[in-house]
Amino acid sequence: MQQGSKTPQPEPGGKGERSTVVVTASKNASGNWNFRMAQDGRPTEALHFSKDEKKMKKVDWHDVVFVLKDPSGTLAFHPDKDQALWVARGDEHNAPPCPAKQSSDPCKGFRVKSNPRPNELLVHNDNAKECLLSYRLNFVAAGSGSNTIVAYHDPVVGNKNGGG
């Protein structure tokens with residue numbers, strides 16, 4: 001998948017690429033939440049990042065901006081960046097089970113940098129190993145002031161971040 005434009009402010013030791021992932025939420029007839037994703041404008045079931053495809057080096061990174069589109073205005077990303085995203089790391093062939101709670105050893109290569117707005121989450125991916133990551137985006141009731149998770153989305157990331 002296309003990775004988007006270069007990040008305007010590179011971090012020391014490498015260069016970055018920015019990808020935007022739009023997560024669209026809707027309720028089905030049973031009242032359960034459904035989610036669809038588009039990475040850089042292309043619908044997808046799983047995210048894909050490849051340093052090799054972009055001719056990047058191991059020290060390079062991807063920043064991912066998750067944007068929540070909820071026409072009902074009911075959901076927001078969890079305001080606590082440690083609770084907004086839970087990640088589990090597998091190997092290059094096997095995705096681990098989706099995390100059911102925050103890991104005591106979170107995947108440090110794919111982590112929330114900030115959540116500047118209730119519908120936006122900035123994630124930094126500097127993982128240099130090829131692997132599959134299972135992750136869960138957690139949502140709270142928008143504007144409620146509550147930290148109770150009311151919905152979540154749990155796709156997989158194909159991290160092909162070998163690099164040169």
Side-chain angles (χ1 to χ4, degrees), residues 1-27 33-79 81 83-96 98-99 106-139 142 151-164:
M1 295 230 148
Q2 181 182 1
Q3 297 301 310
S5 60
K6 287 187 170 61
T7 303
Q9 296 110 3
E11 294 185 8
K15 67 176 184 168
E17 292 283 332
R18 179 165 285 199
S19 186
T20 299
V21 177
V22 175
V23 179
T24 303
S26 61
K27 277 198 173 178
W33 286 101
N34 291 322
F35 296 94
R36 292 185 332 269
M37 285 192 317
Q39 182 177 4
D40 298 322
R42 296 184 178 163
T44 186
E45 296 287 322
L47 303 180
H48 175 80
F49 301 100
S50 176
K51 289 182 181 176
D52 290 335
E53 286 175 13
K54 292 291 193 173
K55 299 188 183 342
M56 296 169 74
K57 297 183 177 171
K58 287 190 182 288
V59 296
D60 296 340
W61 70 92
H62 292 98
D63 276 345
V64 185
V65 180
F66 285 96
V67 177
L68 174 63
K69 297 269 183 182
D70 173 18
S72 72
T74 306
L75 295 179
F77 284 110
H78 199 293
K81 68 181 192 171
Q83 296 299 319
L85 173 74
W86 298 340
V87 182
R89 183 192 321 255
D91 61 31
E92 61 271 11
H93 304 291
N94 303 293
C98 196
C107 177
K108 293 181 180 13
F110 194 81
R111 66 192 181 289
V112 174
K113 214 169 168 177
S114 67
N115 51 351
R117 289 178 275 295
N119 67 336
E120 191 174 297
L121 195 64
L122 178 59
V123 174
H124 188 72
N125 177 11
D126 61 4
N127 182 9
K129 294 185 178 183
E130 185 171 345
C131 65
L132 292 173
L133 304 171
S134 294
Y135 70 99
R136 181 173 137 163
L137 293 167
N138 292 312
F139 304 99
Y152 62 88
H153 182 48
D154 58 353
V156 173
V157 174
N159 201 61
K160 306 284 186 191
N161 278 347

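This one's a predicted model, so the numbers in the text were calculated from it and none came from an experiment. Note that these values count all heavy atoms, side chains included, but never hydrogens, waters or copies made by symmetry.
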Completion exercise
Heavy-atom nearest pair, A142 first then G73, reads CB-O, 3.3 Å
Exercise for the section: Would you please say whether a donor-acceptor pair under 3.5 Å links the side chains of S19 and D40? Expected result: yes
Practice task
Supply the atom-to-atom distance R36 CZ to K69 NZ, rounded to the nearest 0.5 angstrom.
Solution key: 11.5 Å
Problem - Non-neighbouring partners of P71 that pass side-chain contact (heavy atoms from CB on, under 4.5 Å), sequence neighbours left out - result: none
Fill in the blank from the handout: For F139, the ring pair (Phe, Tyr, Trp, His ring centres under 6.0 Å) test, sequence neighbours excluded, returns F35, F77
Completion exercise
Scanning both residues in full, the closest heavy-atom pair of P96 with S134 reads O-OG, 2.5 Å
Problem - Min side-chain heavy-atom separation N119-D70 under 4.5 Å - result: no
Handout entry: pair V67-V23: side-chain heavy atoms closer than 4.5 Å
Key = no
Practice task
Could you tell me whether the side chain of N115 and the main chain of R117 form a donor-acceptor pair under 3.5 Å?
Solution key: no
Problem - Sub-4.5 Å side-chain heavy-atom contact between L121 and V65 - result: no
Completion exercise
Contacts of K27 meeting side-chain contact (heavy atoms from CB on, under 4.5 Å) (sequence neighbours excluded), chain-then-number -> W33
Problem - Side-chain heavy-atom pair V112, L122 within 4.5 angstrom cut-off - result: no
Exercise for the section: Give, for atom CG of L68 and atom CG of L137, the distance between the pair rounded to the nearest 0.5 Å. Expected result: 9.0 Å
Exercise for the section: Might you point out which heavy atoms bring L47 and Q39 nearest each other, and give the distance in Å? Expected result: CA-OE1, 3.5 Å
Exercise for the section: Side-chain contact test, heavy atoms from C-beta onward, threshold under 4.5 Å: evaluate it for H153 versus M37 and give yes or no. Expected result: yes
Problem - Any side-chain heavy-atom pair of R111 and V123 under 4.5 Å - result: no
Problem - Considering all heavy atoms, the nearest D154-C98 contact - result: CB-SG, 2.8 Å
Practice task
Return yes if some donor-acceptor pair links the side-chain N/O of N138 with the main-chain N/O of Y152 below 3.5 Å, else return no.
Solution key: no
